[in-house]
*Asks:* 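This is the structure I have questions about; it appears just below.
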Amino acid sequence: MAQQDNQFKRLVSHCKEYGFIFQSSEVYDGLSAVYDYGPYGVLLKNNIKEYWWKSMVQMHENIVGLDASIFMHPKTWKASGHVDAFNDPLIDNKDSKKRYRADVLVEDYMAKIEAKINKEVAKAKKRFGDSFDEAQFRSTNPRVLKNQEKHDAIGKRLANGMRDNLADVKALIEELGIACPESGSKNWTDVRQFNLMFSTQLGTIAGEEGKLYLRPETAQGIFVNFLNVQKTSRQKIPFGIAQIGKAFRNEIVARQFIFRMREFEQMEMQFFVRPGEEMKYYEQWKAFRLKWHKTIGSPAEKLRFHDHDNLAHYANAAVDIQFDFPFGFKELEGIHSRTDFDLTQHQELSGRKIQYYDPELKESYVPYVVETSIGCDRMFLAVMSHALTEDVVPDANGKESTRLVLRLHPAIAPIKCAVLPLLKNKEELTDKAREVFNKIKFAFDCQYDEKDAIGRRYRRQDAIGTPYCVTIDFDTLEDNTVTIRDRDSLAQERIAIDDIVKTISGKIDMSTLLSQL
RNA sequence: GCGGGUAUAGCUCAACGGUUUAGAGUGUCUGGCUUCCACCCAGAAGAUGUGAGUUCGAUUCUCACUACCUGCUCCA
């Protein structure tokens, strides 16, 4: 555990030290669980997005893209269930430090009363035998009636309290003498509402009318555009809509660096299928998405599927792809069979028909949805945590020295090639190096560096994951060749200046990577 | 949100309540040297999270705030 902590701390400080990730608003002491991407971070993140987008949209003729707004009509979130389900009233026990949903505590208490009633009924049934009239017993037995009355009164008061009086829910819990199931303590905090959506307002005058939410997931933008996209792109089911975009969640606890942020980026694809065929595509996407991770270099032993035990209200199957982060296996991507829940909901709340006419079946239906949803920032953290390694390499005297190297897949590395004159104080070398730099900078992200000894410059590039370095030496002046040095093997090869772009392009090319999928 | 821990240069760490002008390594910058993996030499810049309190005096003790780590909790 301590070793994991250190490894994680090293990763966080590496991200800061080399300009990948900074804490948001750091000069003002930071803002909790919000982070900014620095110069290398934004390059890496963009490359990850490109890999995802091309593998999903470019590679699949039946998947098209979308960029829906962050603001959406408030009814969207009523339809999706977020307004209701993302509104948990929570209460803490001060002694046991356990947290509960206040309504669940009361409901459990009500369940106990119900159990008492049922016990009474069962007893009577045993006593009276076949002639027992349960309905009559329930409506006349004084003890049953009393308990039933109590049960109903509590239920009513809970419902009222939940609507607009959380203080009364606490009062109810105290009056009923509900104790912490774990510790038996009755020392409760106030009931607090945690709304997981951020709200803001439309227009310059505040009020209920203009209340808007920042989207907590990108998926709904896809669902409400289903018909627009399907008709204009002339897609036939099965087909998918992909989107990359920011989402916002007011998490109760946001921790672990960029793993759980309040503002984050999702890469989602909703695949629309015929009802009844969802499991076939669910399995298909499970396999494809896992392969996507392996192809970019995430090792099989750091990836695993994790089936959901409790399915969300909209799903009939759900699995996570978990990654072995420095703090353990955690969700990186989710693949969910969302049924027709979302489209049906939007159909009901909007009053518009959201259906697809299937020319083969000759009937209209609300399509079923299989979703793949990956956190872009989590993917960033996954590749960084796996890439950051320390190894032992020979130094100038042939002795062993350790180096910090970011073994990113070349296709997503922020800088593809560093151009280095062997010596700084020889103008013919620096001039030539500048010339080489200006020649290849059009092809990919390059960096020119003449400061410090050549070995140090190699190490600097290692630390930001640059896969290739070309070095201009005195031979270059004679024959227009350079040495190209490989980050991982340290091997050096002599190639012509005219071949640099071609050689490196072959190794960093996104299309080569995609063709392995 | 509750409990525990932490906060000193970009990074990693020092400094008895006062010998201090808060040190060191590393990194950064400038110059020199250097013909391929953290060389060397000379110089420079750079820090006590914020705000109160105790004290003659606070980086050091107390409290609050903020942020981070961590257990609980939550996770569409």
Side-chain angles (χ1 to χ4, degrees), chain A residues 1 5-6 8-10 12-14 16-19 22-34 80-82 85-86 88 90-101 182 187 189-192 194 196-197 216-217 219-220 247 249-257 259-260 266 268 308 310-315 318 320 327 330-331 334 336 338 341-342 371 373 375 393-399 401-405 420-426 429 451-463 469-476 482-485 487 490 492 494:
Chain A
M1 193 62 195
D5 280 357
N6 287 336
F8 185 45
K9 279 180 183 157
R10 214 170 26 236
V12 173
S13 74
H14 191 88
K16 183 183 177 187
E17 190 170 357
Y18 288 92
F22 310 119
Q23 185 169 27
S24 163
S25 317
E26 201 186 346
V27 294
Y28 292 109
D29 290 332
L31 185 62
S32 182
V34 187
S80 68
H82 285 83
F86 255 148
D88 297 340
L90 300 179
I91 190 166
D92 292 310
N93 187 278
K94 289 180 187 169
D95 297 320
S96 67
K97 311 298 175 200
K98 296 283 174 192
R99 164 168 294 169
Y100 301 93
R101 276 182 52 174
E182 202 133 313
N187 189 7
T189 63
D190 286 341
V191 178
R192 286 166 307 228
F194 288 93
L196 264 38
M197 284 194 291
E217 63 175 16
Q220 299 303 327
R249 284 182 205 167
N250 202 358
E251 300 282 354
I252 299 168
V253 267
R255 257 183 221 169
Q256 265 124 7
F257 198 38
F259 182 80
R260 179 166 291 122
Q266 292 185 306
E268 290 198 313
H308 283 213
N310 301 316
L311 293 175
H313 59 268
Y314 57 74
D320 291 340
F327 39 85
K330 298 272 179 170
E331 176 184 354
H336 304 135
R338 291 183 79 133
F341 175 84
D342 298 277
E371 161 190 277
S373 171
V393 297
D395 69 9
N397 303 318
K399 289 182 188 155
S401 69
T402 61
R403 70 163 180 163
L404 214 52
V405 54
L420 316 170
L422 186 58
L423 300 173
K424 182 176 66 169
N425 61 354
K426 295 285 186 289
L429 290 183
K451 178 97 172 39
D452 297 315
I454 188 71
R456 176 174 296 280
R457 281 177 276 163
Y458 285 147
R459 299 296 173 85
R460 247 197 311 262
Q461 295 300 328
D462 290 340
C469 295
V470 299
T471 301
I472 283 73
D473 59 18
F474 293 98
D475 289 347
T476 311
V482 296
T483 56
I484 179 165
R485 177 252 196 197
R487 177 194 67 199
L490 304 182
Q492 294 189 26
R494 195 123 203 132

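Labels below follow one simple rule: chain letters A, B, ... track the order of the sequence lines, proteins then strands, and each chain is numbered from 1.
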*Asks:* Go ahead and name the base partner of B:G18; Watson-Crick or wobble counts if both distances stay under 3.5 Å, otherwise write none.
*Replies:* B:C56

*Asks:* When you compare B:A7 with B:U12, how far apart are their C1' atoms, in angstrom units rounded to a whole number?
*Replies:*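 So the two C1' atoms sit 15 Å from each other.
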
*Asks:* Using heavy-atom distances to pick each residue's nearest nucleotide on RNA chain B, tell me which of A:Leu423 and A:Arg260 is more 5'.
*Replies:* A:Leu423

*Asks:* What's the CD-P distance between A:Glu268 and B:A76, to the nearest Å?
*Replies:*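 It works out to 13 Å between those atoms.
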
*Asks:* How is A:Glu17 classified with respect to the nucleic acid when contacts are heavy atoms under 4.0 Å: base, sugar-phosphate, or nothing?
*Replies:* base

*Asks:* Rounded to the nearest Å, what distance is computed from the NZ atom of residue A:Lys16 to the P atom of nucleotide B:C69?
*Replies:* 13 Å

*Asks:* List the atom of A:Arg457, the atom of A:Asp452, and the distance in Å for their closest heavy-atom pair.
*Replies:* NE-O, 3.0 Å

*Asks:* Check the distance between B:C75's P and A:His308's NE2 and give it to me in whole angstrom.
*Replies:* 11 Å

*Asks:* Atom CZ of A:Phe327 to atom C1' of B:G71: distance rounded to whole Å?
*Replies:*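 Going from CZ in A:Phe327 over to C1' in B:G71 covers 16 Å.
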
*Asks:* Taking all non-hydrogen atoms of both residues, which atom of A:Asp395 and which atom of A:Ser401 are closest, and how far apart?
*Replies:*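 Minimum heavy-atom separation between A:Asp395 and A:Ser401: CB-OG, 3.9 Å.
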
*Asks:* Paired with B:C2 by Watson-Crick or G-U wobble geometry, both distances under 3.5 Å: which nucleotide is it?
*Replies:* B:G71

*Asks:* Using a heavy-atom cut-off of 4.0 Å across all strands, would you classify A:Tyr28 as base, sugar-phosphate, or nothing?
*Replies:* nothing

*Asks:* Picking from A:Ile472, A:Leu429, A:Thr471, A:Val482, what satisfies side chain to side chain contact (heavy atoms under 4.5 Å, CB included) with A:Leu420?
*Replies:*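 Testing each of A:Ile472, A:Leu429, A:Thr471, A:Val482 against A:Leu420, the sole residue satisfying side chain to side chain contact (heavy atoms under 4.5 Å, CB included) is A:Thr471.
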
*Asks:* Does a donor on one side chain sit under 3.5 Å from an acceptor on the other, for A:Arg338 and A:Ser373?
*Replies:*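 No, because no side-chain N or O of A:Arg338 sits under 3.5 Å from a partner of the opposite role on A:Ser373.
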
*Asks:* Which part of the nucleic acid does A:Asp475 contact within heavy-atom distance under 4.0 Å: base, sugar-phosphate only, or nothing?
*Replies:* nothing

*Asks:* Testing the basics here: between A:Arg459 and A:Pro394, what is the closest heavy-atom pair and its distance to 0.1 Å?
*Replies:* NH2-O, 4.1 Å

*Asks:* What distance, rounded to whole Å, do you find between the two C1' atoms, one in B:C39 and one in B:G32?
*Replies:* 14 Å

*Asks:* Over how many whole Å does the gap from A:Asp29 atom CG to B:A7 atom P extend?
*Replies:*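 Those two atoms, CG and P, are 15 Å apart.
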
*Asks:* Taking the side chain of A:Arg460 as heavy atoms from C-beta outward, which of B:U28, B:A67, B:C75 is closest to it?
*Replies:* B:U28

*Asks:* Less than 4.0 angstrom between a side-chain N/O of A:Asn425 and OP1 or OP2 of B:G32, yes or no?
*Replies:*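 It does not, given that no N or O in the side chain of A:Asn425 lies less than 4.0 Å from OP1 or OP2 of B:G32.
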
*Asks:* Whole-Å distance between B:C11 P and A:His14 NE2?
*Replies:*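 Atom-to-atom, A:His14 to B:C11, this comes out as 14 Å.
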
*Asks:* Would you classify A:Ala463 as touching base, sugar-phosphate or nothing, given that sugar-phosphate means primed atoms plus P, OP1 and OP2, and contacts are heavy atoms under 4.0 Å?
*Replies:* nothing

*Asks:* What heavy-atom pair brings A:Leu31 and A:Gln23 nearest, and what distance separates the two atoms?
*Replies:*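 Result for this residue pair: O-NE2, 3.9 Å.
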
*Asks:* Go through the steps for A:Lys16 and A:Glu26 under the test side-chain contact (heavy atoms from CB on, under 4.5 Å), then give the verdict.
*Replies:* CA-CA 12 Å; A:Lys16 183 183 177 187; A:Glu26 201 186 346; 3.0 Å; yes

*Asks:* Look at all strands and tell whether A:Lys451 reaches a base, only sugar-phosphate, or nothing, counting heavy atoms closer than 4.0 Å.
*Replies:*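 Here A:Lys451 touches the backbone only, sparing every base.
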
*Asks:* Can you tell me the distance, in whole Å, between the CD atom of A:Gln256 and the P atom of B:C68?
*Replies:* 12 Å

*Asks:* Does B:A47 have a Watson-Crick or wobble partner in any strand here, with both distances under 3.5 angstrom, and which is it?
*Replies:*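 Checking every strand shown, B:A47 finds no partner, since no pair has both distances under 3.5 Å.
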
*Asks:* The side chain of A:His82 lies closest to which of these nucleotides: B:U34, B:U70, B:A76?
*Replies:*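 Side chain of A:His82 sits closest to B:A76.
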
*Asks:* Supply the atom-to-atom distance A:Lys426 NZ to A:Phe474 CZ, rounded to the nearest 0.5 angstrom.
*Replies:*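 Separation between the atoms: 5.5 Å.
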
*Asks:* Given that both distances must come in under 3.5 Å, which nucleotide forms a Watson-Crick or G-U wobble pair with B:A7?
*Replies:* B:U66

*Asks:* Looking only at atom C1', what distance separates B:U20 and B:U73, rounded to whole Å?
*Replies:* 47 Å

*Asks:* Please state how far atom CZ in A:Arg10 lies from atom C1' in B:G10, giving the value in whole angstrom units.
*Replies:* 18 Å

*Asks:* I'd like a table of atom pairs between the protein and nucleotides 36-39 of chain B - only N or O on both sides, under 3.5 Å - with the distance next to each one.
*Replies:*
| from | atom 1 | to | atom 2 | distance (Å) |
| --- | --- | --- | --- | --- |
| B:C36 | O2 | A:Tyr458 | OH | 2.5 |
| B:C36 | O2 | A:Gln492 | OE1 | 3.1 |
| B:C36 | O2 | A:Gln492 | NE2 | 3.0 |
| B:C36 | N3 | A:Thr483 | OG1 | 2.9 |
| B:C36 | N4 | A:Asp473 | OD2 | 2.8 |
| B:C36 | N4 | A:Thr483 | OG1 | 2.9 |
| B:C37 | O2' | A:Pro394 | O | 2.8 |
| B:C37 | O2' | A:Arg459 | NH2 | 3.3 |
| B:C37 | O2 | A:Arg485 | NH2 | 3.1 |
| B:C37 | N3 | A:Arg485 | NE | 2.9 |
| B:C37 | N3 | A:Arg485 | NH2 | 3.2 |
| B:C37 | N4 | A:Arg485 | NE | 3.2 |
| B:C37 | N4 | A:Leu490 | O | 2.9 |
| B:C37 | N4 | A:Gln492 | NE2 | 3.2 |
| B:A38 | OP2 | A:Ala396 | N | 3.4 |
| B:A38 | O3' | A:Arg456 | NH2 | 3.3 |
| B:A38 | N7 | A:Thr402 | O | 3.0 |
| B:A38 | N7 | A:Arg459 | NH1 | 2.5 |
| B:A38 | N6 | A:Thr402 | O | 2.4 |
| B:C39 | OP1 | A:Arg456 | NH2 | 3.4 |

